[in-house]
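Please read the structure below before turning to the comments.
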Amino acid sequence: MDILLDHRIRMSGVATVAGLLILLLIGITTAAAYVVGVRSLGLRRACLRAALGKSLECIGVALIFLVVNTALGFIVVLTLRALAPTFVSLYVVTDLSLAVLSGVQAIAFQAWLGSREGTQSSDGVR
Amino acid sequence: MLRVLGGATLGAFFASAFTPASNALNRRLSLQPDLRGGDAIVVLGSGIHRDGLLSERSITHALHGIELWKRGLAPFILFSGPAGSMGPSEAIVRRALAEQLGVPPERVLVDSSGRTTRGEARSLRRVLFLRDARRVVLVTDARHLRRAREAFVRVGFDVAPAPPPDVLADAASPQARLQLSRRIVEEMLAWIYYWITGFG
């Protein structure tokens with residue numbers, strides 16, 4: 001019974017077609033978005049650096065939300081285990097949906113922060 | 001500070017998905033098999049669906065344990081695995097699989113008490129020490145084996161790690177590498193949890 005013998009060729013060190021293709025697609029659409037932004041929408045190149053900085057901040061906030069959500073999940077699961085008759089696995093806090101929703105939280109929170117900065121600058125003008 | 005955090009997160013994502021970094025980390029974290037044999041082959045729980053169907057990992061691990069038994073690594077095989085919210089326990093379904101594949105019923109033990117790695121180690125200690133079985137050939141994920149071995153050693157077992165073939169070890173597509181990275185992060189979180197709360 002040798003059905004689980006490992007005959008596979010090891011390929012983990014080789015750059016994969018899938019990975020390169022995905023990076024190529026992202027590169028093409030990023031370049032296209034840049035051209036559309038500058039030529040059709042009148043966006044200023046000078047503002048791109050600040051926009052990229054804001055994007056990185058948003059990713060940082062998403063990570064913070066994810067860490068807090070995961071830590072809170074641990075506490076909730078352990079509390080349920082102590083109080084409820086049914087067993088709850090700790091692996092539920094590693095569900096992919098938690099990462100996606102943490103990203104949504106970050107986008108919303110950053111947009112909210114951005115509205116405060118907009119309000120503060122218009123107050124300053126007055 | 002947030003930009004640094006965001007940049008580091010994005011960098012980690014690209015490294016995980018588009019380079020062999022997660023494959024290399026997986027190799028460092030995984031235990032190599034030690035197939036010198038023991039008093040019992042122990043196959044830890046790996047999941048069962050609500051309708052009683054074994055998960056893909058559970059079947060792979062069960063088949064690997066059965067293969068090791070047929071090679072003569074131990075006189076009997078013990079399947080661990082709790083019941084889900086409905087349906088039979090994973091251990092009992094695996095026993096049925098083993099018997100269908102020719103393992104005599106008297107050579108198969110089951111235990112459905114343990115719901116965590118620590119719980120399995122404590123429960124199987126009660127079962128196996130009664131039979132004077134102290135050296136176990138332990139079957140579970142290569143990444144999980146390090147923590148599982150520690151939990152079993154802490155309760156008095158001598159452990160020979162026997163990971164089944166790891167389908168994620170050679171992850172080559174970005175999606176597969178991200179899946180591998182996720183499993184690695186899960187195991188690291190579990191280590192932190194056990195480090196805080198203890199293995200015993």
Side-chain angles (χ1 to χ4, degrees), chain A residues 1-23 25-26 49-50 52-64 66-67 70-71 73-75 77-78 81 85-96 98-99 102-103 106 109-110 113, chain B residues 1-10 12-14 17-20 22-24 26-27 47 60-61 63-64 66-71 82-85 101-102 115-116 119 164-180 182-183 185-187 189-190 192-193 196-197:
Chain A
M1 185 174 133
D2 294 331
I3 57 175
L4 290 183
L5 279 182
D6 196 347
H7 295 296
R8 291 164 299 164
I9 300 167
R10 305 231 159 234
M11 295 194 58
S12 59
V14 179
T16 62
V17 172
L20 290 173
L21 183 61
I22 288 167
L23 289 173
L25 292 173
I26 295 299
R49 190 187 171 107
L52 290 173
K54 288 281 179 193
S55 302
L56 288 179
E57 285 174 12
C58 191
I59 295 171
V61 171
L63 181 66
I64 292 172
L66 181 60
V67 168
T70 303
F74 262 76
I75 294 168
V77 168
L78 293 175
R81 277 192 192 177
T86 352
F87 176 83
V88 181
S89 171
L90 277 170
Y91 285 115
V92 299
V93 302
T94 63
D95 197 286
L96 185 60
L98 198 67
S102 299
F109 194 77
Q110 284 295 91
L113 268 178
Chain B
M1 174 66 185
L2 277 178
R3 291 188 184 192
V4 171
L5 201 57
T9 305
L10 198 59
F13 168 79
F14 275 99
F18 296 101
T19 74
S22 49
N23 306 91
N26 183 60
R27 277 193 295 275
T60 304
H61 295 183
L63 290 176
H64 185 63
I66 292 165
E67 185 179 354
L68 294 178
W69 182 84
K70 293 201 172 196
R71 284 198 214 170
S85 52
L101 292 174
R115 290 189 168 275
T116 64
D166 187 0
V167 295
L168 283 180
D170 294 328
S173 71
Q175 181 170 290
R177 282 174 171 160
L178 286 173
Q179 195 179 349
L180 175 60
R182 184 185 158 198
R183 291 269 181 87
V185 168
E186 278 179 355
E187 194 52 38
L189 287 175
I192 292 170
Y193 172 62
I196 293 170
T197 58

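Below, chain A is the first sequence line, B the second, and so on; all start at residue 1.
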A:Ile22 versus B:Pro174, closest heavy-atom pair with distance: CD1-CG, 3.8 Å

Go through A:Leu90 and B:Thr116 one step at a time and tell me if the side-chain contact (heavy atoms from CB on, under 4.5 Å) criterion holds. CA-CA 9 Å; A:Leu90 277 170; B:Thr116 64; over 6 Å; no

Value rounded to 0.5 Å, distance of OG1 in B:Thr9 from CD1 in A:Ile64: 9.0 Å

Between atom CG of B:Leu2 and atom CD1 of A:Ile59, what is the distance when rounded to the nearest 0.5 Å? 11.5 Å

At a 4.5 Å cut-off on heavy atoms, which part of A:Leu66 comes close to chain B: side chain, backbone, both, or neither? neither

Is the OH atom of B:Tyr193 crowded by more than 12 outside heavy atoms at less than 6.0 Å? yes

Minimum heavy-atom distance between B:Arg3 and A:Glu57, given as atom pair plus value: NE-OE2, 2.8 Å

Are B:Ile192 and A:Phe74 close enough that some pair of their side-chain heavy atoms sits under 4.5 Å apart? no

For residues A:Thr94 and B:Arg182, report the shortest heavy-atom separation together with the two atoms involved. O-NH2, 3.0 Å

To the nearest 0.5 angstrom, please state how far the CZ atom of B:Phe18 sits from the CD1 atom of A:Ile26. 7.5 Å

